Structure formats: C-alpha cells, structure tokens
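What follows is a set of notes on a single structure, which appears directly below.
Owing to the predicted nature of the structure, the values given are computational and were not obtained by experimental measurement.
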Amino acid sequence: MSTAVETATGPVTFTEGAVKELNKLKSQQEMGDDFGLRVGVEGGGCSGMNYVLGFDQKKDGDQEFIIDGIKVYMHKAHGLYLAGMQIDFQDGLNARGFTFNNPNAASTCGCGTSFSV
C-alpha cells in the first residue's frame, strides 16, 4: 500500500463550518493518527448513489489528501463523481448536518444525501 500523500489540490473542499465540525468529531472520538476522513460514494439511495463520509483507516486503492489540515482518504475511482464537490455543515433550526454541493450531480434527492450523474 502506498504511503504517499497527494500534494495537488484535493478533489473536494470544506467550508469553515465543516472543518470546525469535523475536527470536533475527531477529537470526541479519540482516534489514532492512522484514521482519516473517508469521502466517497456507494450505490443506493433514491437517486442511485449515496455519499460516504466518516472516519476510517486507509485501504488499498485509496488516495490520501490533506485538505484544510484534515487527512482525507478517497478511493481513486470515486474522484470521477466527487471532483469539485464542497462539503458544508449546517447548524440551523431547519437543518443540521453535513451537506454536499456536487457539480457532477445531474439530480439529487430531497434529503441531499443521494444523487445521480
């Protein structure tokens, strides 16, 4: 497994709110340095594909990026679906949670966690 870290621009970006929440979550879960944020996709959902966002260890086929000080793991094949995506965290009365602004999505479902290309 490669240990190289990508120095090029990461495939996704985080808003200030997302960075703050991700750092808070990681510190609350007391994970080791070998854990990073997994960003990816999986089949399913009402629009065909679901977003994957959670802390995980690096796996074969992953690329590693440092984005806004956060170690990010993404399987190489998922970059096609996620390149240019912005991840935000909303903490308001009407909505609370991570949101995904994906320029590659042809359509999204009402909940915002599922999309199609």
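Looking only at side-chain heavy atoms (C-beta outward), V39 and V52 stay at 4.5 Å or farther from each other. You'll find the side chain of F100 reaches within 4.5 Å of the side chain of I87, heavy atoms only. Side-chain contact check for F65 versus I70: every heavy-atom pair is 4.5 Å or farther apart.
For the salt bridge (Lys or Arg N to Asp or Glu O under 4.0 Å) condition, the pairs that include at least one residue of residues 69-97, sequence neighbours left out, are D91-R96. A salt bridge (Lys or Arg N to Asp or Glu O under 4.0 Å) check over residues 11-26, counting only residues at least two apart or in different chains, returns the pairs E21-K24. Judged as a salt bridge (Lys or Arg N to Asp or Glu O under 4.0 Å), the pairs with a partner in residues 32-41 (not counting sequence neighbours) are, in order, R38-D56, R38-D62.
Taking both residues in full, the closest heavy atoms of A83 and P103 are given as O-CG, 3.9 Å, listed atom of the first, atom of the second, then distance. Across all non-hydrogen atoms, the minimal contact from G10 to I67 is CA-CD1, 4.0 Å. The two residues F55 and L22 have their closest heavy-atom pair at CZ-O, 3.6 Å.
Contacts of E30 classified as side-chain contact (heavy atoms from CB on, under 4.5 Å), with partners at least two apart in sequence or in another chain: none. Checked against side-chain contact (heavy atoms from CB on, under 4.5 Å), H78 has the following partners two or more places apart in sequence or in another chain: V41, M74, H75, L82. With sequence neighbours left out, the side-chain contact (heavy atoms from CB on, under 4.5 Å) criterion links N101 to Q86. For F35, the ring-ring contact (aromatic ring centres under 6.0 Å, His included) criterion is met by no residue, not counting sequence neighbours.
Placement of Y81 and L37 within a single hydrophobic cluster is found when ILVMFWY residues are connected by side-chain heavy-atom separations under 4.5 Å, directly or transitively. Y73 and M31 fall into different hydrophobic clusters, where Ile, Leu, Val, Met, Phe, Trp and Tyr are joined by side-chain heavy atoms under 4.5 Å apart, directly or via other members.
Between the side chains of Y51 and N102, at least one donor-acceptor pair of N or O atoms lies under 3.5 Å.
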Point to revise | Criterion side chain to side chain contact (heavy atoms under 4.5 Å, CB included) on V19 and F14, from CA distance to verdict | key: CA-CA 6 Å; V19 170; F14 301 116; 3.6 Å; yes
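Between the CG atom of N50 and the CD atom of E42 there is a distance of 5.5 Å, given to the nearest 0.5 Å.
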